[in-house]
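Below: the structure, in structure tokens.
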Amino acid sequence: MLKKSIYLTILLLLTLSILSYSQQFYQPESAVYDLPRERYLVSNFNNGQIIAVDKDGIKSVFAEGKDSLAGLHIIDDTVYAGCGEECVLAYNLVTGGEVMDIQIPGSLLLNDVTADTSGNLYVSDPYGDKIYKIRLSDRSYSVLVDYIDWPNGLLFIKKLNRLLACSSTNRWIYSVDMDDGTLTELVNVNIGHLDGLAEDNAGNIYVSSQGPESVYRYNRDFTSDRELVSSGHSGPADIYYNKWLEVLVVPNIGNNTVDFIDMPEVPFNLTSYDFSDATYGDGDGILEGGEEIELTFSFENFRLDSIFNTTVNLYCQDISLTMTNDYVDFGDLESGEVVDNISLPTRFTVPADYTPRIDSFYVEINYTFMENEKRDIVTIVQGVGSPQILLVDQFSWEEISHYYTETLEEIFIPFDLWDIQAMGTPLSDDLNDYEVVIWFTGNSGANIIDSNQILSMKGYIDGGGSLFLTGQGIAANLNSLDADFLNNYLRCEHISTFYIAALNTVAAGQLFAEGDTLMISGGDGASNQGITDYISSLNGGMEELNYLSTTNCGAVSYDGDYKLVFFGFGFEAIRSDDSRFYPRKSTLLDILDFFAYEYPKRAPVASNLIIAPGDPTHMIDHTPEISWMYADEESTPQAYYQIQLGSDDDWLVAEMWDSGPASGSEVSALYSGSELIDGEDYYIRVRLCDGSLWSDWIYGTFRMNSVPEPSDLIPNNLEEIDVNPPVLSHANIPDYEGDVLAYDYQLYDDIEMTVMLDDDTGLVGDPGERLYWQIDSALNENEDYYWRVRSRDNYETGAWSELASFILVAAYICGDANGDAMVNVGDAVYLIAYIFSGGQAPEPVCRGDANSDDNTNVGDAVYLISYIFSGGPPPVEGCCP
């Protein structure tokens, strides 16, 4: 059966333009956030409207009246607005009605508005170069600042009880005395056309400028440099910082838009923390095996307002360090209040056989701020166990030492650092306290190592230590200074000094796999090599690396009554940012393996988080499979996994599902939390444990696909229609994921849907407009019919709509006055009786309008007689609307 679809577009241009004008931004000047009703209010400077923007971005007119509405400020259930008509207006946020009109005769443009905590409003008048103060209790006003060059943005700082004002023309931000109006210069922004001021939760101050069309930030006391926050605006006006949602709102008066910029939330930080073994250990400050350690901390509520229900949880990545007193309830904290756990420290015991390790301790601060629940996590990195590695920095090369410290930290190995320039040469006894000594000389120079340092290293080696010595020109220096140390301790001889940027491994070496190449130039290395040593092995030493395309050796190892690795170049120069080359971390791990150093177990790695089946932006399965990859460098199998799934990404709570630490080596799990809702975004994270250490969390997101159900089906509810075959229509709702929707239809002759009369598939229309389905064949008149429709996208088919219904009645035949579905002399008689004798009227009366002059009278009877008996024109169609 051939089907047809009809797309009818009715263009009501005038009506649409009026609606667009009345609910849009038109030179937006200021914005505020109405928290109880979860909406922004934006003032339109040009047409005097205040536009409400709800949480879905839908705009509506909140209030309208006088022209040139500018600055907005909310106090309780009232929003105040500066106005160009010599007044400040106030509107009730619940009703939208105007509740106050404070007249200030002589003002030229009442612009920005702010308020203190004593019941006073402050309003700038840039055209009049004044700032007014309004006492709300009696609505009286006074001139607070009689002259300030073009004052614009105003801001009251509650914590400092300070009023700020910015001048558009002279570029200063001032502090304004709220009693006598005295101005104090705070900072010259050095950018023209300053407009708005705002403050975030940490007390940072933001200022907008229509000069460079940007927003800038200073710290609360204006001691920081000007920091660019956002650019590319168009006339940024009276900016606003939403402290509840951490959003910077920028009305653009130049292009009739408002930018809502998500700002990174400023997290809590600890003001102090301490790990102490003084009470339950030997008090030497080293967290050694067998000791009980006390962890104390303090932090300040740096936010501008109080926080509530403040609690702290403490835990460690290493689950073998079990904590007690790891939960603290601090309750409500005022702004600036400092709290600590000194009276009841958190405690943990270091196992007697604990391998020294750099552990991560987590301080989780949960609290309520601005009616929102928040969570901040502070990570403390702390070495646990007595360090068994000593770094000896020959020349205090700050730009060099971090290559060593960061590499050790990356593999969680604690260490001590000996700075020779600050501490003098370490004695052999100092070195003998350590299992491994890493001695580096850094940049090239004369007299790299002196005789006292050689003596210390000889003593360490004689004691059976493990020494890694690395640097430029060391062999050349020792060749003349102490050949015995070079030949009989470092087990090599000096050949020459030269420089080649890469080294290859030697097949017979003890450290590296054959084929590895180390690059000591460029990339993320120190790039400080200039006079590398060519050496050859002696007295049992083994050559490890040759400079590229040569047989000249650059590194020697020795394994005997002591262990040695000597590099004739600087380890710090090894680059790690190119997969073609062997990286620093792997190089150091190979050396430590050679030394038989028991380095701490590294945490497993979680990766490759997948939610399946299907496209994660259009998930269909409501019990998806969650899979991941587990990797452990020591081949320890996975012991636990934990999956959390939430409706947001703050992880204060996993709203949908928290598997808890689940035992097992599986690398996938079926979702078994609360029901997933179509059209919703979800956030997921997974971590894995090897039985002792948890991996870092890995994160992902997905969205449940949605197919909107067709709505507003017409005709419906057994509506009578007389178009045969009929045209059926419905609203084409835009898809939440932006997909193109196609529609399927079915038409039945009974409510039980036993006999299908017509169907169609795949009709597509423009989102937001109605879609029309034309039935192909005529239906029987005076019967009721039932129809339904469903939508589908490229991912799934939606449910059928509820049944709609209609009754198909016969169309009116013009001139059929007696309703017998025929036009003949009986209709003329019927009309004459109706018109002259009080007979029954046609039903409806318009059926008797044979000549279609919009009247049913004797002329229609004459018209019918002419048609029936004299061959006159037939009745005109369209007699009834």
Side-chain angles (χ1 to χ4, degrees), residues 27-37 39-45 47-53 61-128 130-145 151-158 163-166 176 178 195-199 237-244 249 251 253 258:
Q27 292 190 335
E29 214 285 331
S30 183
V32 289
Y33 187 66
D34 179 12
L35 176 63
R37 284 152 284 276
R39 62 182 177 181
Y40 288 96
L41 299 178
V42 179
S43 61
N44 276 344
F45 187 77
N47 65 6
Q49 293 179 336
I50 297 178
I51 302 298
V53 185
V61 175
F62 167 75
E64 56 187 333
K66 299 185 178 182
D67 291 336
S68 304
L69 288 189
L72 299 177
H73 187 81
I74 289 178
I75 303 176
D76 297 327
D77 275 337
T78 304
V79 59
Y80 296 86
C83 179
E85 296 188 21
E86 300 182 328
C87 64
V88 174
L89 302 174
Y91 299 91
N92 184 279
L93 290 172
V94 178
T95 66
E98 182 180 313
V99 295
M100 195 178 300
D101 184 342
I102 304 172
Q103 295 291 319
I104 303 182
S107 61
L108 300 180
L109 174 61
L110 295 176
N111 192 346
D112 200 9
V113 181
T114 192
D116 62 21
T117 55
S118 301
N120 301 302
L121 286 180
Y122 300 88
V123 189
S124 63
D125 183 358
Y127 289 178
K130 291 178 174 60
I131 298 176
Y132 292 93
K133 182 177 182 178
I134 301 172
R135 188 167 61 192
L136 290 176
S137 59
D138 60 6
R139 305 185 186 183
S140 63
Y141 70 91
S142 61
V143 176
L144 178 65
V145 180
N152 203 328
L154 299 178
L155 179 66
F156 176 71
I157 307 298
K158 178 181 178 181
L163 177 63
L164 301 183
C166 66
V176 183
M178 292 180 288
D195 196 301
L197 294 169
E199 178 189 32
D238 183 18
I239 56 178
Y240 175 79
Y241 194 96
N242 186 332
K243 298 178 181 180
W244 296 274
V249 185
I253 202 168
V258 177

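Proximity of Thr114 to Val123: side-chain heavy atoms (C-beta onward) are nowhere separated by under 4.5 Å. In this structure, Thr117 and Lys158 have side chains that are in contact, with non-hydrogen atoms separated by less than 4.5 Å. Counting heavy atoms from C-beta outward, Ile75 and Leu136 have side chains that approach closer than 4.5 Å.
The side-chain contact (heavy atoms from CB on, under 4.5 Å) search around Ser137 returns Arg135, not counting sequence neighbours. For Asp112, the side-chain contact (heavy atoms from CB on, under 4.5 Å) partners two or more places apart in sequence, or in a different chain, are Ser124, Leu154, Asp238. Partners of Phe62 by ring pair (Phe, Tyr, Trp, His ring centres under 6.0 Å), not counting sequence neighbours: none found. Contacts of Asp101 classified as salt bridge (charged side-chain N to carboxylate O under 4.0 Å, His left out), with partners at least two apart in sequence or in another chain: Lys66. Shown here are the side-chain contact (heavy atoms from CB on, under 4.5 Å) partners of Ile74, two or more places apart in sequence or in another chain: Val32, Asp34, Val79, Leu93. Every residue two or more places apart in sequence or in another chain that forms a salt bridge (charged side-chain N to carboxylate O under 4.0 Å, His left out) with Lys243 is listed here: Glu199. Taking the side chain to side chain donor-acceptor pair (under 3.5 Å) definition, one finds that Tyr241 meets it with Glu246, sequence neighbours left out. Residues passing the ring pair (Phe, Tyr, Trp, His ring centres under 6.0 Å) test with Phe45, sequence neighbours excluded: none.
The stretch residues 86-97 participates, sequence neighbours left out, in no salt bridge (Lys or Arg N to Asp or Glu O under 4.0 Å) pair at all. For residues 104-128, the pairs satisfying ring-ring contact (aromatic ring centres under 6.0 Å, His included) are Tyr127-Trp150, with sequence neighbours left out. Counting only residues at least two apart or in different chains, side chain to side chain donor-acceptor pair (under 3.5 Å) contacts with residues 71-83 comprise Arg37-Asp77. Identified under the ring-ring contact (aromatic ring centres under 6.0 Å, His included) test for residues 87-111, with sequence neighbours left out: none.
Cys87 SG to Tyr141 OH: the interatomic distance, rounded to the nearest 0.5 Å, is 12.0 Å. Taking CD1 of Ile131 as the start and CG of Asn111 as the end, the distance is 11.0 Å to the nearest 0.5 Å.
Aromatic ring orientation, Tyr240 versus Tyr40: perpendicular (interplanar angle above 60°, classes split at 30° and 60°).
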